[in-house]
Asker: 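For reference, the structure I am asking about is given below.
Chain A is the first sequence line, chain B the second, and so forth, proteins listed ahead of strands; every chain is numbered from 1.
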There are 2 protein chains.
Amino acid sequence: MNRRTATESKESILEAAIKVFSEKGYSQTTIREVAKRAGISVGGVYIYFKNKEEIYFTLLKYLLDEFRDRAGESIKDIEDPAEAVKNYIAINLNYAKKFKGLILIEGREHGFTSCIDIKKKFFKGQRKLLESIIKNGIDSGKFERCNIKGTAKVIIGTLRGFILSLVMDSDSLFSPEECSVLILNGILKRGKK
Amino acid sequence: MNRRTATESKESILEAAIKVFSEKGYSQTTIREVAKRAGISVGGVYIYFKNKEEIYFTLLKYLLDEFRDRAGESIKDIEDPAEAVKNYIAINLNYAKKFKGLILIEGREHGFTSCIDIKKKFFKGQRKLLESIIKNGIDSGKFERCNIKGTAKVIIGTLRGFILSLVMDSDSLFSPEECSVLILNGILKRGKK
DNA sequence: AAATAGAATGAACGCAAGTTCATGTGAACA
DNA sequence: TGTTCACATGAACTTGCGTTCATTCTATTT
């Protein structure tokens, strides 16, 4: 065979792409730089991907799928719902730290409908996961009775904020524990209403 | 004088720019479109602004200043710290709704140091504001004793998430009330630890 | 009416980036 | 050794956009 197989080349392009996209965002990322870092020529990139958008889409899909699997896996055996929430938060923050740059891109930058679709699906799935934890919490009497769907949305919103903060200004860091404490306990003094 | 004064022209450029930036993001915004919407020629834009970046910077600074003033104003006479937090959250969400598009740009897209500086200053100011509310809450016995700085950071992070959620997927809306409830009370059942 | 100056124009320039394609390379097999 | 096929190249093409500037317009002044 040749120096590299098609699969190897494709993978090195994706590996390079994830780095460049993370560092520069979507618009500022050039095929030339991705190619350079992947150790392939500009034209070579177009053997494996139809265009820039397809590279990005492939990457996004891969990461979302991987995250969903890991998150689901690491929660499924936890009994205590509060513990499950803590764990879920921790996983999110870890992943966010690892893929800082890409998360920022997701704010906007490109409005590919293809990407929007898989993102919506992803978030919906995550919401369902959370809802099941909350339901568990209420049924077992550990969580305040509440609107499950609404609460799940709020928690996801909260998480998103932690992630964004983590990702935007690395100086104002706070730990997963601090996040969990706020989500679980709130800031009002217990016993007062 | 002429058809329009310099001030009028400058303002109509800014008004057009805020719309286009909101709709398209920074990179996708073209001077040509801003000019068109402002009812001025391409060259005309460059009479009033050095370049694209300066337009964006001017806009950002204006909005941050305005927000800071409004937020400060609307909180300063509120006694009850929980009420002040609620109010602060509501103002944030309202403003976010109004300037959806621009907020998304702020995730990344451009790394102008000039913009980063005024943003940092802004967020620092907001954090101080929150810290004073929290301190007030603890002193008056209504808030759980806590690390004030840390808590302020966490609340800002939380808010950021609510805002992002509000801005990204308009279908998964939740009300300022729901947000306040979570931040103030948490999701754990009161009385249990 | 002529002169002046502030405001405005838009064709043209330069450059950067996505994409294409005619051509090259080298391993495997005949 | 020659042929084939998969992989690879990078110059060239195209497009789009930020920016400039020689020129025009119009209202005020002289």
Asker: Take atom NZ of B/K36 and atom P of C/dG10, then tell me their distance rounded to the nearest Å.
Answerer: 12 Å
Asker: Atom CZ of A/F143 and atom CD1 of A/I134: how far apart are they, to the nearest 0.5 Å?
Answerer: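 Between A/F143 CZ and A/I134 CD1, I get 7.0 Å after rounding to 0.5 Å.
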Asker: Please determine, for the side chain of B/N51, which listed nucleotide (D/dG18, D/dT19, C/dA7) has the closest atom?
Answerer: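 Among the listed nucleotides, the one closest to the side chain of B/N51 is D/dT19.
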Asker: Considering heavy-atom distances to DNA chain C, does B/T7 or B/G43 have its closest nucleotide positioned more toward the 5' end?
Answerer: B/T7
Asker: Side chain of B/Y46 only, heavy atoms from C-beta on: which candidate in D/dT19, D/dA12, D/dC7 is closest?
Answerer: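 Of all the options, the side chain of B/Y46 is nearest to D/dT19.
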Asker: Return the value, rounded to whole Å, for the distance between atom CD1 of A/I47 and atom P of C/dT19.
Answerer: 15 Å
Asker: For A/D69, what residues pass the salt bridge (Lys or Arg N to Asp or Glu O under 4.0 Å) criterion, not counting sequence neighbours?
Answerer: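 Residues passing salt bridge (Lys or Arg N to Asp or Glu O under 4.0 Å) with A/D69: none at all.
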Asker: Rounded to whole Å, please give me the gap between CZ in A/F49 and C1' in D/dA8.
Answerer: 16 Å
Asker: Return the value, rounded to whole Å, for the distance between atom CZ of B/R4 and atom P of D/dA27.
Answerer: 14 Å
Asker: Do side-chain atoms of A/E8 reach the backbone of A/T5 as a donor and acceptor pair under 3.5 angstrom?
Answerer: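 Checked: pair present.
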Asker: B/E11 has an atom CD; how far is it from atom P of C/dA7, in whole Å?
Answerer: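 That distance rounds to 14 Å.
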Asker: Counting only side-chain heavy atoms from C-beta out, which of C/dA8, D/dA8, D/dC17 sits nearest to A/Y48?
Answerer: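 Looking only at side-chain atoms, A/Y48 lies closest to D/dA8.
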Asker: Please give, in whole Å, the distance from C/dT19 P to A/I13 CD1?
Answerer: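 Value for this atom pair: 13 Å.
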Asker: Could you tell me whether B/R68 and B/E73 have a side-chain N and a carboxylate O separated by less than 4.0 Å?
Answerer: no
Asker: The side chain of A/S41 lies closest to which of these nucleotides: D/dA8, C/dG10, C/dT19?
Answerer: D/dA8
Asker: Are A/E15 and A/K19 close enough for a salt bridge, meaning some N to O gap below 4.0 Å?
Answerer: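 The answer is no: the pair does not qualify as a salt bridge.
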Asker: Using a strict 4.0 Å threshold on nitrogen-to-oxygen distance, state whether A/R37 and A/E33 make a salt bridge.
Answerer: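 Result for this pair is yes, salt bridge flagged.
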Asker: Taking only side-chain N and O atoms of A/S9, does any of them lie within less than 4.0 angstrom of OP1 or OP2 on D/dA8?
Answerer: yes
Asker: Rounded to the nearest angstrom, tell me the gap between atom CD in A/Q28 and atom P in C/dA17.
Answerer: 8 Å
Asker: Identify whether NZ of Lys or CZ of Arg in A/K153 sits under 6.0 Å from the centre of the six-membered ring of B/F162 and within 45° of that ring's axis.
Answerer: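 No, cation not above the ring by the 6.0 Å, 45° rule.
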Asker: Nearest nucleotide by nearest heavy atom, which residue falls closer to the 5' end of DNA chain C, A/V42 or B/G44?
Answerer: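 It is B/G44 whose nearest nucleotide is closer to the 5' end.
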Asker: What's the CD1-P distance between B/I40 and D/dT19, to the nearest Å?
Answerer: 16 Å
Asker: Using rotation axes that map the C1' atoms of four end pairs onto the next four (five pairs an end), what angle separates the end axes of the helix from C/dA1-D/dT30 to C/dA30-D/dT1, to 10°?
Answerer: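 Inter-axis angle at the termini of the helix from C/dA1-D/dT30 to C/dA30-D/dT1: 20°.
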Asker: Can you tell me which nucleotide in D/dT19, C/dG18, C/dA7 comes closest to the side chain of B/K52?
Answerer: D/dT19
Asker: Distance criterion of 3.5 Å, no angle test: do you see the side chain of B/R32 paired donor-to-acceptor with the base of D/dG18?
Answerer: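 Between D/dG18 and B/R32, which were checked side chain against base, a qualifying N/O pair under 3.5 Å is present.
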